[in-house]
**Student:** 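The structure under discussion is supplied below as structure tokens; questions concerning it will follow.
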Amino acid sequence: MDERKSAAPEAFLKPYNPPDREPGILALWEKSGYANPDVMIEKGLTAKDAEAFSIVLPPPNVTGTLHMGHAAMLAIEDILIRYHRMKGFRALWLPGTDSAAIATQSKVEGEIYKAEKKTRHDLGREELLRRIDIFTDESKATIINQTKKMGSSLDWSRYAYTMDEKRYEAVMEAFVRMYDAGLIYRGDRIVNWDPKLQTTVSDEEIEYVEQKDPFYHFQYGPFVIGTVRPETKFGDKYVVMHPDDERYKKFTHGQKIELEWINGPITATVIKDESVDMSFGSGAMTITPAHDLNDFEIAKRHGLDIERVIDDRGILLPIAGEFAGQHIKKARSAIVEKLQSKGLVVKVDEGYTHNVATNSRGGGMIEPQIKRQWWLGVDREFTIEHSELQNIPSGSKTTLKKILRSVIESKEIQIMPERFEKIYFHWVDNLRDWCLSRQLWFGHRIPAWFKGDEVKVQKNSPGEGWEQDPDTLDTWFSSGLWTFSTLGWPEKTADLETYHPTSVLETGYDILFFWVIRMIEMSVSMTGQIPFRHVYLHGLVRDGQGRKMSKSLGNIIDPLTMIDKYGADAARLSLIIGAQMGNDVKLSEDRVRGYKHFANKLWNITRFILENTQGVSMKDGFDEHNEHDDALRTERRQLFADVDKLITEFRLDLAADKLYHYVWDRFAAEIIEDSKKVFKEGSEEEKTRRQQFLLHTLQWILKGLHPFMPFVTEAIWQELPEKESDLLMVAKWPV
RNA sequence: GCACCCUUAGCUCAGUUGGUUAGAGCGUUCGAUUCACAUUCGAAAGGUCGAAGGUUCGAAUCCUUCAGGGUGCACCA
């Protein structure tokens, strides 16, 4: 049927069709076990004493599905790993999944409620955890399979899950050690309370949402005070103003004033404090220390009474008098009405815009409360027993904040792009103690034991009569240990010795502060080592118009659909080329389609070369030591030198772009075109020389492109009659 | 309010120590194609490099101010 003189392998007679090839290639890689660096050494493909290059995969949620952000992360990390593996490094890319406590528990609770109309309290702790386990077991297969489809050469033999036995052990060990070192303490402080999920939330997880509310001005004795939250005002018996405020000169600090308030006459005390902004409103304010961080701090400074007004569910307490027992939402208007009837409402500004704290993890409004919780003190001095840091010697006294500054200032950890350093320092300087405990059931249970007033922090029960703290740890606590808990810590394993500190942490800039900071705190205080040498921050993947992808906009591009339609290679390239680190990527389907064409181009280049080199074997040295086509070879060498440099500088976008253009515009459009003439009119010697050049260069190209588009290059490699290794994945990077 | 980023062809973006005539992909228009290429090739059109000022022999690039877009953080009684 085919009339062409082709004797090239059958495979190349049809266009490259990714779905026909990708599953087979995946199976080949998986069977080889080459993603495991130990296998590489066993087979003699990597030297025993080779330098290590390691990346720990930022673990996706067990219950999640793959989205474009994950796809970008996987593409970038896989490129780095494949490149270093081919370069002869002991390359380890360690996979895992995250339990994502809050998100997972509320998801499962929601489903149970929908199906059975039962809450977690109906089920009980044990049953809920059992259900969550079933759910996570089922759904983790999804994310793992999707991850594999991207071509990720992860070492699955080292797979870790934040809730598996070893990681649980590491979390317990870390908590106890940090407590013993004095870093973790228990204390009554104001927390971000989520009345909906009935748990505390860390500062980082709070999202401020703009909201319009009426702003009330009330008469408070001789003062006018403003508020958007009349329902908190019952406990307000302190009125605070700036000491320099001329308007209130005649009032003295500590002065008592009798005045009429919501539920009758009260005695108010004047407090002078410099934190008051004189230019805001009347310059006088009342405070609610139990439900506001700033008010709490003022109260602590002056030793004032702190009384709760609202309970954990948002219900007013007896202090509210006739309003007690009402939910704050409903009580607000009734309270305003009452004040109105007493003639205490001076004026109401409608449409006052302010920011309201919400729980970004699917919760509701945040209601600050005072609670006894476990905290990680960022300014607490402790003795670091073992340290490998430049500026912090073993046995010295330091604080977590000092560590956080030191490792970046000394460049032991390099943040890329560099501009994020500024943001990092700003964040570190404003860092407050981290509230570790969560009133959730799913998570690592805090290893603290109570008996009456006694508290013991240790892994196992101290004995009869001791009860374990019912709370669990913030999910980021276990995430903070990730670089070393996955390598076997607290045991002194060979993996830990070889692969820690890891080479690169690659993640989205949006979680720099959730995660990166915590990893540094944990790693340095527990192992004395930095967790990673480079932090590579990728941008967010947006739609073609630069909008965030969201369900409501209907502009989500699903990576799996893209893989099915255009192949994983095209999906990878579309996320790499044009995606400078730290900048957002605009992705449109057209772009993905464009790179599918490129895979096909490569396919046809191969076909041409194989057709024109029938029966010709690659001559060692002939290509390298031939003075005639020197310009072509110099160009090729230069290309790889450039690509090498770009990859070491983490400019994967430019490296891929360079290869792309060489292959298409130079190699295919010019060199191959020219070869047609050579094969038609050239002398035998010229032909031979050109055949050798094409055969060799094809292999260079396949190697160069392999980290970026592993499938098509491996598929072609499998069809080559002559090659140095069974799999391109482990071929040697050209030097 | 403070900070950071972006603004270059119709669209998406390169252009990293300042150095010829500012580039690519997609799109558009015209043409070629018995050729490795359904997914090919060639060519053309398309730019006051956000604005203004400054430094310099020379500025898309460095500095200042401003405008528009985006993001983070803080405040909000």
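All chains are named by letter (A, B, ...) in the order of the sequence lines, taking the proteins before the strands, and each is independently numbered beginning at 1. We use all heavy atoms of the structure for the numbers below, so side chains are in, but hydrogens, waters and symmetry mates are not. Here the structure is a predicted model, which is why all the values come from computation and not from measurement.
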**Student:** Taking only the C1' atom of each, what is the distance from B/A3 to B/A59 in whole angstrom?
**Tutor:** 27 Å

**Student:** Base, sugar-phosphate, or nothing: which does A/Asp295 touch, judged by heavy atoms less than 4.0 Å apart?
**Tutor:** nothing

**Student:** How many Å lie between CG on A/Leu652 and C1' on B/A14, as a whole number?
**Tutor:** 15 Å

**Student:** Would you call A/Lys411 and A/Glu418 a salt bridge, using N to O less than 4.0 angstrom?
**Tutor:** yes

**Student:** Look at the side chain of A/Pro15 and decide which nucleotide, out of B/A36, B/A38, B/C4, has an atom nearest to it.
**Tutor:** B/A38

**Student:** For A/Glu635, is there an ion pair with A/Arg666 - N to carboxylate O distance below 4.0 angstrom?
**Tutor:** yes

**Student:** Under a 4.0 Å threshold between the charged nitrogen and the carboxylate oxygen, would A/Arg651 count as salt-bridged to A/Glu649?
**Tutor:** no

**Student:** Between B/U39 atom P and A/Phe598 atom CZ, what is the distance in whole Å?
**Tutor:** 18 Å

**Student:** What's A/Arg651 touching, base or sugar-phosphate or nothing? Going by heavy atoms closer than 4.0 Å.
**Tutor:** base

**Student:** Quantified in whole Å, what is the C1' atom distance between nucleotide B/G53 and nucleotide B/G42?
**Tutor:** 45 Å

**Student:** Figure out the NE2/C1' separation between A/His217 and B/C76, and round it to whole Å.
**Tutor:** 13 Å

**Student:** So A/Ile225, base contact, sugar-phosphate only, or nothing? Heavy-atom distance under 4.0 Å.
**Tutor:** nothing

**Student:** Check every strand shown and say whether A/Ile609 touches a base, only sugar-phosphate, or nothing at a heavy-atom separation below 4.0 Å.
**Tutor:** nothing

**Student:** What is the distance, to the nearest angstrom, from the CG atom on A/Leu659 to the P atom on B/A24?
**Tutor:** 19 Å

**Student:** Are A/Phe223 and A/Tyr248 an aromatic pair by the rule of ring centers under 6.0 Å?
**Tutor:** yes

**Student:** May I ask you to check whether A/His217 and A/Phe215 place their ring centres under 6.0 Å from each other?
**Tutor:** yes

**Student:** Taking the minimum atom-to-atom distance to the side chain of A/His661, which one of B/C4, B/G25, B/A36 wins?
**Tutor:** B/G25

**Student:** Over all strands shown, is A/Glu649 touching base, sugar-phosphate only, or nothing at heavy-atom distances under 4.0 angstrom?
**Tutor:** nothing

**Student:** Regarding A/Leu654, tell me which of base, sugar-phosphate or nothing describes its non-hydrogen contacts under 4.0 Å with the strands shown.
**Tutor:** base

**Student:** With heavy atoms under 4.0 Å as the rule, sort A/Lys422 into base, sugar-phosphate or nothing.
**Tutor:** sugar-phosphate

**Student:** Would you mind classifying the nucleic acid contact of A/Trp427 as base, sugar-phosphate or nothing, using non-hydrogen atoms under 4.0 angstrom?
**Tutor:** sugar-phosphate

